[in-house]
2 protein chains.
Amino acid sequence: MRAIPRATVARLAQYLQGLDQLEGRTISSQSIAAVVGVGAAQVRRDLSYLGHQGVRGVGYDAEHLRRAIMRELGLVGTVGVAIVGAGNLGQALAGYGGFQERGFTVFSLYDIDHSKVGGRVSGLPIRHLDTMAADARSGRFAIAIIATPAEAASEVLARLNEAGIRSVLNFAPAVLRPPTSMEVRNVDLSTELQILSFYRKHSR
Amino acid sequence: MRAIPRATVARLAQYLQGLDQLEGRTISSQSIAAVVGVGAAQVRRDLSYLGHQGVRGVGYDAEHLRRAIMRELGLVGTVGVAIVGAGNLGQALAGYGGFQERGFTVFSLYDIDHSKVGGRVSGLPIRHLDTMAADARSGRFAIAIIATPAEAASEVLARLNEAGIRSVLNFAPAVLRPPTSMEVRNVDLSTELQILSFYRKHSR
DNA sequence: CTCTGTGAAACACTTCACAGCG
DNA sequence: CGCTGTGAAGTGTTTCACAGAG
């Protein structure tokens, strides 16, 4: 029963968001399933990885469940995040309001452009990339978001690895081959559009 | 052997990117595998869904393979894309240079803010959301990217569906429940960070 | 009687290992 | 020989269906 499947981890995060849209002290697997669009059996199986959280005949206690999921996802206290690359995308991400309310705090942006370094974006400082490793090691952030051009991405990834960062969200359009010690999630716009293109073609 | 697995479709898009980094007229499953970080057997299995494309003892013809993948992904001619929401993120996406070279053309951004409508971002016009359906129906775009606030997302999705758009990439932090006629890929920053948080916790 | 938790079956996807083609 | 294409085995994930708790 140990070792939560990767697919389940991804859904737990969705259930967490979904809980916000549900009313009532207790909720059933059925109602969660309806909100996130999966089967009720799937929800029960997923939640069973957290141990017995529900009450038979009644459902799950909403608040208790929220905490249990957050604990399992490591969302205790505030998690520090760094944004590497202060270009268009980096700045847009810095302006995204959802971090704070989800328990994430952006510590800083990093760039190598001297005309940007020292400035601020959405209230966040832009620091030089060379200072990143020290900030990482002193625990200012635990997760990094790569928002650089493609050419810079693998270099940045190597530096992050060296600085002991294990979790990376990559927005650069590059195929990154992370060391096994790292967990990298790629969000490549081209790839996503290409996948959508396939499903468009195969829907008529 | 028909019906390409979803997982394979996602990798085909990656192989396509990976081909750019490989030299030579012919390439082996081994070399593709090395570039995108999967097993060679996986690559061969995936490519076999395209029919017999390789030559035993030699490998795959790079140019031929690229075309075969593009054809399968529906990347024939140029595919039109719309960006809904001309805020921070929408503007950042509009400035992303990778669309053109991958065969996608952004037709327009859409917004409801009258101070934005009529303006331009990165050379692209911002049109009123109310004109979107007509543009969709006249074939100006086939894929839409939602870059609105969370509250607006499901309303936009409904409008897109009504306008006959089947393929949507959603950047709004909302759990969207698409009709079965649509294929929606969600890129939710919070969800991604929460998943990364889990793997960070479970790596020490 | 309702709704959870879970064996067991079904399904989906990946990897192995090798026959066979060029 | 080298490298593809693919049965067969293995692994991971989802769904069914129901026992059992409240």
Side-chain angles (χ1 to χ4, degrees), chain A residues 1-15 18-19 22-66 68-69 72 180 183 195 198-199 202, chain B residues 1-15 18-19 22 24-66 68-69 72 180 195 198-199 202:
Chain A
M1 179 270 224
R2 267 306 59 144
I4 303 189
R6 298 181 78 83
T8 292
V9 173
R11 279 190 302 268
L12 285 177
Q14 293 199 58
Y15 298 162
L19 285 183
L22 292 170
E23 302 286 305
R25 270 184 60 71
T26 64
I27 52 199
S28 64
S29 58
Q30 193 58 244
S31 61
I32 298 175
V35 158
V36 308
V38 300
Q42 181 78 82
V43 173
R44 292 199 299 280
R45 171 76 67 191
D46 287 339
L47 295 182
S48 77
Y49 287 107
L50 306 178
H52 295 208
Q53 302 290 341
V55 180
R56 289 171 193 238
V58 179
Y60 301 86
D61 179 82
E63 207 39 53
H64 176 81
L65 185 59
R66 181 196 311 281
I69 295 177
E72 190 58 41
T180 46
E183 176 75 17
I195 294 169
F198 173 88
Y199 287 111
H202 290 78
Chain B
M1 181 269 224
R2 269 298 63 134
I4 302 190
R6 298 180 78 82
T8 291
V9 173
R11 278 191 303 268
L12 284 177
Q14 293 199 56
Y15 299 162
L19 286 183
L22 292 170
R25 270 183 61 71
T26 64
I27 52 199
S28 65
S29 57
Q30 194 57 243
S31 61
I32 299 175
V35 158
V36 309
V38 301
Q42 181 77 82
V43 173
R44 291 200 299 278
R45 173 76 67 191
D46 288 340
L47 296 182
S48 78
Y49 287 106
L50 306 178
H52 295 207
Q53 302 291 341
V55 181
R56 291 170 192 238
V58 179
Y60 301 87
D61 179 83
E63 208 38 55
H64 176 82
L65 185 58
R66 181 197 311 282
I69 295 177
E72 190 57 41
T180 45
I195 294 169
F198 173 88
Y199 287 111
H202 290 77

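Chain letters run A, B, ... following the sequence lines, proteins first and then strands; every chain starts at 1.
Contact annotation: B/Ser29 does not reach the phosphate of D/dC3 (side-chain N/O to OP1 or OP2, under 4.0 Å). Distances shown here put every side-chain N or O of B/His52 at or beyond 4.0 Å from the OP1 or OP2 atom of C/dC21. Taking 4.0 angstrom as the limit, A/Arg11 places none of its side-chain polar atoms (N or O) nearer than this to OP1 or OP2 of D/dT13. For A/Tyr49, no side-chain nitrogen or oxygen approaches OP1 or OP2 of C/dT6 to under 4.0 Å.
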Given the rule in the side-chain contact (heavy atoms from CB on, under 4.5 Å) test, do A/Tyr199 and B/Arg6 qualify, once you have shown the distances and angles that lead to the verdict?
-> CA-CA 10 Å; A/Tyr199 287 111; B/Arg6 298 180 78 82; 3.3 Å; yes
With side-chain contact (heavy atoms from CB on, under 4.5 Å) as the test, would you mind laying out the steps for B/Thr8 and B/Arg11 before giving the verdict?
-> CA-CA 5 Å; B/Thr8 291; B/Arg11 278 191 303 268; 3.6 Å; yes
Run the side-chain contact (heavy atoms from CB on, under 4.5 Å) check on A/Leu47 and A/Leu12 step by step: do they pass?
-> CA-CA 8 Å; A/Leu47 295 182; A/Leu12 285 177; 4.0 Å; yes
Under 4.0 Å protein heavy-atom contacts per nucleotide of nucleotides 15-22 of chain D, with B for base, S for backbone only and - for none | B-B-BBBS
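Atom CG of B/Leu65 is separated from atom P of D/dT4 by 11 Å (rounded to the nearest Å). The separation between A/Arg6 atom CZ and D/dT14 atom C1' is 18 Å, rounded to whole Å. A/Leu50 has its CG atom 12 Å from the P atom of C/dT6, to the nearest Å. For the pair A/Ile4 CD1 and D/dT14 C1', the computed distance is 17 Å after rounding to whole Å. Distance CG (A/Leu47) to C1' (C/dT4): 10 Å, rounded to an integer number of Å.
A/Gln30 comes within 4.0 angstrom of nothing in the nucleic acid, heavy atoms only.
What you find for B/Val36 and B/Gly18 is that their closest heavy atoms are CG1-CA, 4.4 Å.
Of the two residues contacting DNA chain D, namely B/Gly54 and A/Thr8, the nearest-nucleotide position lying further toward the 5' end is that of B/Gly54.
Taken from CD1 in B/Ile32 to CG in B/Leu19, the straight-line distance is 5.5 Å, to the nearest 0.5 Å.
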Validation: residues 54-62 of chain B side-chain donor-acceptor distances under 3.5 Å, sequence neighbours left out:
{"from": "B/Asp61", "atom 1": "OD2", "to": "B/Glu63", "atom 2": "N", "distance (Å)": "3.4"}
{"from": "B/Asp61", "atom 1": "OD2", "to": "B/His64", "atom 2": "N", "distance (Å)": "2.9"}

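Residues forming a side chain to side chain donor-acceptor pair (under 3.5 Å) with A/Arg45 (at least two apart in sequence, or on another chain): none.
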